[in-house]
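To start, I am sharing the structure in question, which I have written as structure tokens.
Reckoned from all heavy atoms, side chains included, excluding hydrogens, waters and symmetry mates. This one's a predicted model, so the numbers in the text were calculated from it and none came from an experiment. In what follows, chains are A, B, ... by sequence order, proteins preceding strands, each numbered from 1.
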Amino acid sequence: MAKTPQAIRGTQDIFGPDAEAFAFVVETFERVRKLYRFRRAEMPVFEKTEVFARSIGETTDIVSKEMYSFDDRGGESLTLRPEFTAGIARAYLSNGWQQYAPVKLATHGPLFRYERPQKGRYRQFHQIDAEIIGAAEPQADVELLAMADQLLKELGIEGVTLHLNTLGDGDSREAWRAALVEHFRAVKDELSEDSQERLEKNPLRILDSKDRRDQRFVADAPKIDQFLSDDARAFFDAVTSGLDAAGVKWTRAESLVRGLDYYRHTAFEFIPDEGSEAAGKLGSQSTILGGGRYDGLMESLGGTATPAVGWAAGIERLAMLVGEKGEPQADAIVVVENDDAMTSAIQALGKLRAAGLSAELFASGSPRKRFDKAVKAGSNAIVAFDIRDGEENRRIKADEAGQARIEEVLG
RNA sequence: GCGAUCGUAGCUCAGUUGGUUAGAGCGCCGGUUUGUGGUACCGGAGGUCGCGGGUUCGAACCCCGUCGAUCGCCCCA
């Protein structure tokens, strides 16, 4: 026998209750995005590598190590999308969606990152995504966050809080960054090895280090608030007061940062509360929804400066939090207890389905055990066909209302 | 890239200090209970013990390698 090929590392086959939970997340997202009047968009799952490389910034490890890239037959480097934002930005520019600006977009689908799998992290994973492009005003941030908040509520996810920060405008962010480097450089020898590395490559990341040695110095590190310009402060104040007005609960997270340079102003993550059930289910991958304002991105792709804000959330992680979603029971199971009654059973099956009742046929294996199998499978009604004394016999097992309904349908 | 733990039937797992023919439950298939029903009983199929090498009279068990999985670190768009 031929050997069965293995699935690719970090991919998953989803089935049964997990697949139902996954579908529940997507269906809820679709419903909520319509409430907020976000428009559906579909993008290719792969792009020229430069789409992601230029938007993310050539320097980071992400481009060299964490992307699924390959050359096509023409020798062009292509990459399976590791995120939605860059592809949406490219589509926005390519198709002249400026004409719709400000435009609210929603999408979902598979993404690919070349990483070591662990709990809540896969090489092919799935996200839902919402973006508002061409809106510079803080009300856009509020709108986007209100939608995220309602989505989580409608998914029934409890014990999660919106952690909110501002990175300020370009000048604020740069001044803060310089102050952080200065602060940490003074104690460089006492930092963890990882953070000594970060000091050169990505100093903002020291702020969310998990190492105790670093956390001592994080506590008294310079805060972004000291460096905010008046405009940046006014922007953040407008976001927070808008959230209060919208009834979205939030908490200030002064250490919350974004790794990439194109982020400005608002940065946020929805994170399970310490010790909550949700936190326990997610392992060390704790952010369930995150995003921010990326006013600098469009220019890196050759477009004119375009303000934008967006978020994304992992469907698998959300699915872990929505609880068991059983597969729905059939409205009716049709059982053939004697194969001579097959014709009538198949006709009945057709009538049930035409009437909008979900129905399934049990007609294989030992005839005597089919009814038991139907009972065990569980359904709202069982319609059994048998031959008694040479006569065809139909029995319906259901509650009174169900029995009446099925008799009406079957005649 | 680094570290820890783990790979036995379709699934969940036993398997003693290394000792004959590797087990159970569930699931699946067939039969019995001449029955309006999820019960019970009987029988059956299904395993190169992840793979390769080594130690030994003898390896599912010990050692090395390899592949895979899980969890964590790094990274996190």
Side-chain angles (χ1 to χ4, degrees), chain A residues 1 3-13 15-16 47 51-68 79-89 111-123 125 127 129 131 192-198 201-202 204-206 208-211 256-263 267 269 280-288 290-292 294 296-297 300 310-314 317 333 335 337 362 364-379 382-384 386 388 393-398:
Chain A
M1 248 221 328
K3 217 172 162 185
T4 305
Q6 282 173 337
I8 303 300
R9 181 198 287 273
T11 62
Q12 34 173 357
D13 304 307
F15 180 70
E47 299 272 0
V51 170
F52 306 112
R54 283 167 58 182
S55 63
I56 288 165
E58 310 277 352
T59 56
T60 59
D61 281 6
I62 291 170
V63 173
S64 52
K65 292 184 187 155
E66 317 260 356
M67 299 203 307
Y68 256 106
T79 294
L80 300 178
R81 64 184 179 194
E83 58 156 359
F84 282 114
T85 307
I88 288 177
L111 302 171
F112 305 83
R113 295 180 185 177
Y114 197 91
E115 293 182 295
R116 194 70 180 265
Q118 64 190 63
K119 192 180 183 73
R121 262 176 96 157
Y122 304 94
R123 287 189 175 180
F125 58 104
Q127 285 188 343
D129 182 280
E131 315 274 349
S192 67
E193 297 77 11
D194 286 332
S195 284
Q196 292 186 30
E197 189 96 354
R198 291 181 181 116
K201 292 191 336 198
N202 202 348
L204 271 57
R205 278 282 161 198
I206 298 174
D208 49 25
S209 169
K210 290 171 185 169
D211 198 303
L256 195 156
V257 296
R258 308 272 84 181
L260 302 184
D261 290 339
Y262 58 64
Y263 281 100
E269 295 179 359
K281 284 180 182 168
L282 288 175
S284 66
Q285 304 301 317
S286 55
T287 298
I288 65 170
Y294 51 94
L297 174 60
S300 69
W311 58 251
R317 284 188 203 170
I333 292 179
V335 177
E337 296 198 88
F362 277 41
S364 65
S366 170
R368 307 187 63 150
K369 288 190 174 167
R370 290 176 193 168
F371 195 96
D372 284 351
K373 280 204 284 190
V375 171
K376 217 168 168 183
S379 78
I382 296 175
V383 182
D386 202 355
R388 282 286 166 85
N393 182 275
R394 186 184 82 198
R395 281 193 322 106
I396 299 170
K397 178 187 159 75

Of the listed nucleotides B/G27, B/C74, B/G31, the one nearest the side chain of A/S366: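 Selected nucleotide (nearest to the side chain): B/G31.
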Strand partner of B/C41, provided both Watson-Crick or wobble distances fall under 3.5 Å: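 The base-pairing partner of B/C41, which may sit in any strand shown, is B/G31.
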Assigned partner base of B/G1, Watson-Crick or wobble definition, under 3.5 Å: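 Partner of B/G1: B/C73.
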From CG (A/L260) to CG (A/N202), nearest 0.5 Å: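 If we round to the nearest 0.5 Å, A/L260:CG and A/N202:CG are 8.0 Å apart.
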A/R116 side chain near B/C74 phosphate (N/O to OP1/OP2, under 4.0 Å):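 So the side chain of A/R116 is outside the cut-off, no N or O lying under 4.0 Å from OP1 or OP2 of B/C74.
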Euclidean distance for P, B/G54 against B/G10 (whole angstrom):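 About 28 Å, rounded to a whole number of Å.
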Rounded interatomic separation in angstrom, taking CD1 from A/I56 and C1' from B/C76: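 Atom CD1 in A/I56 sits about 11 Å away from atom C1' in B/C76.
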d(CD, A/E66; C1', B/C75) in whole Å: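 Going from A/E66 (CD) to B/C75 (C1'), I get 5 Å.
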C1'-based separation of B/G23 from B/C49 [nearest Å]: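 The answer is 12 Å between these two C1' atoms.
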Atom pair distance, as rounded to whole Å: CZ in A/R388 and C1' in B/U34: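 From A/R388 CZ to B/U34 C1': 10 Å.
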P-based separation of B/U8 from B/G35 [nearest Å]: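 It works out to 46 Å between them.
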Spatial distance of atom CG (A/L297) from atom CD (A/E131) [nearest 0.5 Å]: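 So the CG of A/L297 and the CD of A/E131 are separated by 9.0 Å.
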P gap between B/G44 and B/G7, integer Å: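 Approximately 30 Å lies between the P atom of B/G44 and that of B/G7.
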Upstream residue (5' side of RNA chain B) when A/S364 and A/Q285 are each assigned their closest nucleotide: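 By nearest-heavy-atom nucleotide position, the 5'-most residue is A/S364.
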Touch class at under 4.0 angstrom, heavy-atom based, for A/E197 against every strand present: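 No contact.
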Nucleotide nearest A/P117 when distance is taken to its side chain, options B/U70, B/C73, B/A77: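 Closest nucleotide to the A/P117 side chain: B/U70.
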Distance in angstrom units between A/K119 NZ and B/U70 P, rounded: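 My rounded result for the distance is 11 Å.
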Atom pair CD/CZ of A/E83 and A/R81 - distance to nearest 0.5 Å: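 So the CD of A/E83 and the CZ of A/R81 are separated by 11.0 Å.
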Any N/O donor-acceptor pair, A/R198 side-chain to B/C74 base, under 3.5 Å: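 Answer no: no donor N or O sits under 3.5 Å from an acceptor.
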Any A/T287 side-chain N or O less than 4.0 Å from OP1/OP2 of B/C76: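 No, A/T287 has no side-chain N/O under 4.0 Å of OP1/OP2 on B/C76.
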Residue A/D194, side-chain atoms from C-beta onward, closest of B/C73, B/G38, B/U70: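 Taking heavy atoms from C-beta onward, the closest nucleotide is B/C73.
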Check: A/K369 side chain, B/G31 base, donor-acceptor under 3.5 Å: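 It does, because a donor-acceptor pair links the side chain of A/K369 to the base of B/G31 below 3.5 Å.
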Touch class at under 4.0 angstrom, heavy-atom based, for A/Y263 against every strand present: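 Contact class for A/Y263: sugar-phosphate only.
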Spacing of the P atoms in B/G3 and B/G47 (rounded, Å):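 Those two atoms are separated by 37 Å.
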A/I333 CD1 - B/G38 C1' separation (whole Å):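 From A/I333 CD1 to B/G38 C1': 12 Å.
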Sugar-phosphate only, base, or nothing, as touched by A/Q12 at under 4.0 Å among non-hydrogen atoms: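 Counting heavy atoms under 4.0 Å across all strands, no contact is made by A/Q12.
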Spacing of the P atoms in B/A24 and B/G46 (rounded, Å):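 Comparing P positions in B/G46 and B/A24 gives a spacing of 15 Å.
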A/E66 side, atom CD; A/R113 side, atom CZ - distance, nearest 0.5 Å: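 That separation rounds to 9.0 Å.
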Whole-Å gap separating P (B/C73) and CZ (A/R205):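 Atom-to-atom, A/R205 to B/C73, this comes out as 13 Å.
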Heavy-atom neighbours of A/Y114 OH exceed 12 at 6.0 Å: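 Count not over threshold, so no.
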Euclidean distance for P, B/G27 against B/G38 (whole angstrom):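 Roughly 14 Å separates the two P atoms.
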Residue-phosphate contact under 4.0 Å: A/S55 side-chain N/O, B/A77 OP1/OP2: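 No, A/S55 has no side-chain N/O under 4.0 Å of OP1/OP2 on B/A77.
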Euclidean distance for P, B/U17 against B/C71 (whole angstrom):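 The answer is 31 Å between these two P atoms.
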Any A/K373 side-chain nitrogen or oxygen under 4.0 Å from OP1 or OP2 of B/C29: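 For B/C29, OP1/OP2 do have a side-chain N/O of A/K373 under 4.0 Å.
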Sugar-phosphate only, base, or nothing, as touched by A/G378 at under 4.0 Å among non-hydrogen atoms: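 Nothing: the residue A/G378, judged by heavy atoms under 4.0 Å, touches no strand.
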Pairwise 5' ranking along RNA chain B for A/D386 and A/S284, keeping only the more 5' one: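 With A/D386 and A/S284 compared, the 5'-side residue is A/D386.
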Presence of A/K201 side-chain N/O under 4.0 Å of B/C75 phosphate oxygens OP1/OP2: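 Negative; the distance criterion is not met.
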Distance-minimising heavy-atom pair for A/M67 and A/F52: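 Heavy atoms of A/M67 and A/F52 come nearest at SD-CB, 3.8 Å.
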Pairing nucleotide - B/C57, Watson-Crick or G-U, each distance under 3.5 Å: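 Per the H-bond distance test, B/G19.
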Pair partner, B/C49 [Watson-Crick or wobble, under 3.5 Å]: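 Check on B/C49: unpaired, no WC or wobble geometry under 3.5 Å.
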G-U wobble or Watson-Crick pairing nucleotide for B/A14 (cut-off 3.5 Å, both distances):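 Base partner found: none.
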Donor-acceptor pair present, A/R368 side chain and B/U34 base, under 3.5 Å: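 Side chain to base: no pair below 3.5 Å.
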A/F52 CZ to B/C75 C1', straight-line distance once rounded to whole Å: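 Result: 18 Å.
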Rounded distance [0.5 Å steps], NZ in A/K376 versus CZ in A/F362: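 So the gap between those two atoms works out to 11.0 Å.
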Minimum heavy-atom distance A/S55-A/S300, with the two atoms named: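 Shortest heavy-atom contact: CA-OG, 3.6 Å.
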Separation of A/T85 OG1 from A/D129 CG (nearest 0.5 Å):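 Rounded to the nearest 0.5 Å, the CG-OG1 separation comes out at 5.5 Å.
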Selection from B/C74, B/G38, B/G3 that lies nearest to any side-chain heavy atom of A/Q118: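 For the A/Q118 side chain, the nearest candidate turns out to be B/C74.
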Selection from B/C73, B/G31, B/C76 that lies nearest to any side-chain heavy atom of A/K210: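 The listed nucleotide nearest to A/K210's side chain is B/C73.
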Side-chain donor/acceptor contact of A/R9 with base of B/G68 under 3.5 Å: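 Under the 3.5 Å cut-off, the side chain and the base do not form any donor-acceptor pair.
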B/C6: pairing nucleotide in any strand, Watson-Crick or G-U under 3.5 angstrom: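 Check on B/C6: paired to B/G68, both distances under 3.5 Å.
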N/O (side chain, A/R121) to phosphate O (OP1/OP2, B/A77) under 4.0 Å: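 It does not, given that no N or O in the side chain of A/R121 lies less than 4.0 Å from OP1 or OP2 of B/A77.
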Whole-Å distance separating the CZ atom of A/F371 from the P atom of B/G38: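 To the nearest whole Å, that distance equals 9 Å.
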Residue-phosphate contact under 4.0 Å: A/N202 side-chain N/O, B/C76 OP1/OP2: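 For B/C76, OP1/OP2 do have a side-chain N/O of A/N202 under 4.0 Å.
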Sugar-phosphate, base or nothing in reach of A/G290, heavy atoms under 4.0 Å: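 If one applies the 4.0 Å heavy-atom cut-off, A/G290 turns out to touch nothing in the nucleic acid.
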